[in-house]
There are 2 protein chains.
Amino acid sequence: MAENKERHESEPTAALRESSLRVTKQRVAVLAAVCDHQHADTETVIRAVRENLPEVSHQAVYDSLHTLTEVGLVRCIQPSGSVARYERRIGDNHHHLVCRSCNLIVDVDCTVGQAPCLTPSHDAGFVIEQAEVTFWGLCPDCAASAAPSVSPEPASAV
Amino acid sequence: MAENKERHESEPTAALRESSLRVTKQRVAVLAAVCDHQHADTETVIRAVRENLPEVSHQAVYDSLHTLTEVGLVRCIQPSGSVARYERRIGDNHHHLVCRSCNLIVDVDCTVGQAPCLTPSHDAGFVIEQAEVTFWGLCPDCAASAAPSVSPEPASAV
DNA sequence: ATCGTTTCCTTGACTCATTCAAGAAAAGGC
DNA sequence: GCCTTTTCTTGAATGAGTCAAGGAAACGAT
C-alpha cells in the first residue's frame, strides 16, 4: 500500500527532481492536477489541488504553474479571449482546435514531416523559436446545434 | 480644402457605411487610428483618437473596436500575455511574428499556395473556420543584444 | 537526526484591462 | 425637423493575475 502510494506520487515527483526543483506537496499536486485535467485553467487547477490539499493558497498555484512552465514541465496556452490554460503534453509538436461556441479545446497533431507554412516566407530577421497554431471553429456538438440543415462542406482552413 | 477633408474622411467613413454601421465621429476616428498604428492596443487607440477628439470615453473606443471587429473591418489579435491588439489588414491570410523580449509584432505572409499544416491531420469533427499562426522568437534587435556571440543557426520552427 | 540557509508558501492588499448599467446625445429614415 | 433606434458618456464593478512581507518547509551539511 505504501509502495502503491509511492508509485502514485513518483511521476510528478521525479519530474520535479529532474528539473532541479524542490519537491513540495503543492507542486506535486499542481503537476498532478494538470495531468488529470486537459487544458485546465488556473481556477480548475486550484479546485483540483484543494481536493487533496484543502489549504493551498491560490498564490502557491500561480507560482507553481509559472515555475513548471519556466522549466518546461507544463505548457501554457492562452487563446484569444481565454484565461491561461495549462497542459502536460509537451515536447511534441501539437496544436489546438478551439470551439468558438463552447470554448472546448482539443489537441491536434501537426501533419507529420512537413510544415512549410511554419517557416514564414519572410522572417523579418527574427530568430524563430516556436510556431503556435490555433484552429478556430465549431466543435461537433456546437456545429450540429448551430446549423443542422447546412450541408457540411469543409470550411477553408486558411 | 473641404473636398480634401472629405476625401481624408472618406475611407473609414465609406467602410462603415458599407458595413451598415452608423457613421459616428468616434468610430471614424477609431478606424483611422487602427489604420495609423500597427497592432495597437486599446490604450494606444484611445490616445490616438483623443488627439483629434479629446473627449472620447474609453468605453466608446472599446465599443467601437468590438463592433468593427464583429463586422470584420478590423481584426483583433491577442498573443499570450498580451492585451488585445487590433489591425486593419484583413481578408488576407497573414500571420504574426512576436518577439518574446520586446513584444514587437510583425506581419508575415503565409507561404503562398501551400498550407498543409493548416489542415490538421485529424480535425476531431470540428468545422474549422480559421487557422491562426503565431511565430514566437526574438526580433533582430533583441537577438543581437541577447546573444551576439552565438552563431545564428536557424531555430527549428516547429 | 538536527541545523542553517535558501527557497517556497500563506496572507491579504492591490493593479489594471475589460465589462456593466443608466441616462444623455447623436444618427438616419420618415 | 421629428421620432426611433443606436451609440456615447459617466462612473462603478469585475476578475485574472501580481506584489510584498513574514512564516514554513526543503535539503545539503554538520
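Note that the coordinates shown come from a computational prediction; the quantities given were computed from them, not determined experimentally. First the proteins, then the strands, lettered A, B, ... as listed; each starts at 1.
Of the side-chain N and O atoms in A/His66, one or more sit less than 4.0 angstrom from OP1 or OP2 of D/dT18. OP1 or OP2 of D/dC8 lies within a sub-4.0 Å distance of a side-chain N or O belonging to B/Thr24. OP1 or OP2 of C/dT18 lies within a sub-4.0 Å distance of a side-chain N or O belonging to B/Thr42. In this structure, A/Arg27 does not reach the C/dT7 phosphate: none of its side-chain N or O atoms is under 4.0 Å from OP1 or OP2.
In this structure, the CG atom of B/Leu21 is 13 Å from the C1' atom of C/dG28, given to the nearest Å. Rounded to a whole Å, the CG atom of A/Leu65 is 14 Å from the C1' atom of D/dT18. Here the C1' atom of nucleotide C/dC8 and the CG atom of A/Leu16 are 13 Å apart, to the nearest Å. Note: CG (A/Leu68) to C1' (C/dC9) measures 14 Å, nearest angstrom. Straight-line distance from the CG atom of A/Leu53 to the C1' atom of D/dA25: 13 Å, rounded to whole Å. Distance, A/Ile46 CD1 to C/dT11 P: 13 Å, rounded to whole Å. Note: CD (B/Glu70) to P (D/dT7) measures 10 Å, nearest angstrom. B/Gln26 has its CD atom 17 Å from the P atom of D/dT6, to the nearest Å.
A donor-acceptor contact closer than 3.5 angstrom links the side chains of A/Glu87 and A/His94. Using modelled atom types, one finds no donor on one side chain facing an acceptor on the other under 3.5 Å when comparing B/Arg85 with B/Gln38.
With A/Arg100 contributing its side chain and A/Trp136 its backbone, the two residues share no donor-acceptor pair below 3.5 Å. A donor-acceptor pair under 3.5 Å is formed between the side chain of B/Arg27 and the backbone N or O of B/Arg22.
Of the candidate nucleotides D/dA12, D/dT18, D/dC8, D/dT18 has the atom nearest to the side chain of A/His58. Among D/dA16, D/dA20, C/dG28, the nucleotide with an atom closest to any side-chain atom of A/Gln59 is D/dA20. Of the candidate nucleotides D/dT18, C/dT18, D/dT10, D/dT18 has the atom lying nearest to any side-chain atom of A/Tyr62.
For the pair B/Val56 and B/Arg22, both in contact range of DNA chain D, the more 5′-proximal nearest nucleotide belongs to B/Arg22. Positionally, the nearest nucleotide of DNA chain C for A/Ser57 lies more toward the 5' end than for the other of A/Ser57 and B/Ser82. Along DNA chain C, the nucleotide closest to B/Val23 and the one closest to B/Glu43 are compared, and the more 5′ of them pairs with B/Glu43.
B/Asp36 and B/Arg47 are not joined by a salt bridge, as no carboxylate oxygen comes within less than 4.0 angstrom of a charged side-chain nitrogen.
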